[in-house]
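Here is the structure we will look at.
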Amino acid sequence: MGRVSLRNNPLLAALLGTVVTGLGHFYLRRWLRALGWLGLTVAASVLFVPESTMSALSSGTLTDPFSILPIVLISAASALDAYLIAKVRRRTDRFQANNTVGSTGADESPACPTCGKPVDPDLGFCHWCTTEFNVVDVSKLERIDKNQSN
């Protein structure tokens, strides 16, 4: 049975964005975008929704559905945006995983033993996680191998 990852799950991001505007973006760690959608919802409710509709909603009575249409449209757009961001992010994660994990080509750079990302062997450290590497002289290793085989 296949495992389902909740990391960057588009359906979960859309569901959270439907429940509360901006929550799907918080799940995706897109903080400013989440605050932007939340601010847009508040601004639209202040500017375009009548005060009588807001008081009716806060008291729990039913009201004209067309009067809250701006809030509904912004919430739907936020949920769709969260879904699309998660979908693109998941696709790029899979693409990067397919291109970096298990690559054994001679022309490709070696991977960092700590973070697993490709590194430049001439640097002596990983520029992603700053792990320092022990520099080994290949000619010394060849001499050691020759001495041990004799």
Side-chain angles (χ1 to χ4, degrees), residues 1-138 140-141:
M1 183 157 76
R3 289 181 27 180
V4 177
S5 173
L6 291 180
R7 182 174 177 212
N8 296 328
N9 189 333
L11 294 177
L12 183 58
L15 179 66
L16 290 172
T18 303
V19 172
V20 176
T21 302
L23 192 59
H25 293 90
F26 276 120
Y27 160 71
L28 296 171
R29 298 176 189 260
R30 301 290 300 261
W31 314 118
L32 291 176
R33 199 169 191 127
L35 291 175
W37 280 108
L38 191 59
L40 184 63
T41 303
V42 170
S45 65
V46 169
L47 295 174
F48 300 115
V49 178
E51 183 65 34
S52 60
T53 303
M54 294 303 286
S55 62
L57 285 175
S58 65
S59 67
T61 60
L62 293 177
T63 183
D64 181 27
F66 289 110
S67 63
I68 60 169
L69 189 62
I71 297 173
V72 172
L73 291 177
I74 291 172
S75 296
S78 171
L80 179 66
D81 184 47
Y83 175 81
L84 293 175
I85 289 172
K87 193 166 185 160
V88 167
R89 203 181 261 186
R90 183 171 267 194
R91 185 178 301 142
T92 57
D93 287 348
R94 284 183 183 162
F95 178 75
Q96 289 175 352
N98 288 340
N99 287 339
T100 59
V101 174
S103 58
T104 57
D107 59 340
E108 295 182 19
S109 61
C112 173
T114 305
C115 67
K117 294 185 178 181
V119 295
D120 184 9
D122 296 334
L123 287 179
F125 67 96
C126 176
H127 63 279
W128 298 102
C129 67
T130 67
T131 301
E132 292 188 32
F133 304 129
N134 294 331
V135 179
V136 178
D137 189 10
V138 178
K140 289 182 182 178
L141 287 176

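Sequence positions, counted from 1, serve as the residue numbers for this chain. The shown structure was predicted, so the numbers you read here are calculated from the model rather than taken from an experiment.
Contact of the D81 side chain with the R33 side chain is registered, since non-hydrogen atoms from C-beta on lie closer than 4.5 Å. In this structure, L35 and F26 have side chains that are in contact, with non-hydrogen atoms separated by less than 4.5 Å.
Residues passing the side chain to side chain contact (heavy atoms under 4.5 Å, CB included) test with L47, sequence neighbours excluded: none. Residues passing the side chain to side chain contact (heavy atoms under 4.5 Å, CB included) test with L57, sequence neighbours excluded: T53, T63, I68. Contacts of S78 classified as side-chain hydrogen bond (donor to acceptor under 3.5 Å, both in side chains), with partners at least two apart in sequence or in another chain: none. With sequence neighbours excluded, the residues forming a side chain to side chain contact (heavy atoms under 4.5 Å, CB included) with S59 are T61, listed by chain and number. A search for salt bridge (charged side-chain N to carboxylate O under 4.0 Å, His left out) contacts involving R30 returns nothing, not counting sequence neighbours. A13 is linked by a side chain to side chain contact (heavy atoms under 4.5 Å, CB included) to Y27, L28, A82, A86, counting only residues two or more places apart in sequence or in another chain.
Atom-to-atom distance recorded for M54:CE and I71:CD1 is 5.0 Å, nearest 0.5 angstrom. Atom CG of L15 sits about 13.0 Å away from atom OH of Y83, to the nearest 0.5 Å. The CG atom of N9 lies 11.5 Å from the NZ atom of K87; values are rounded to the nearest 0.5 Å. In this structure, OG1 on T21 lies 7.0 Å from CG on L38, to the nearest 0.5 angstrom.
For L11, the CG atom counts as densely surrounded, since its 6.0 Å shell holds more than 12 non-hydrogen atoms of other residues, nucleotides or ligands.
Looking at every heavy atom in both residues, V49 comes nearest to S67 through CG2-O, 3.7 Å.
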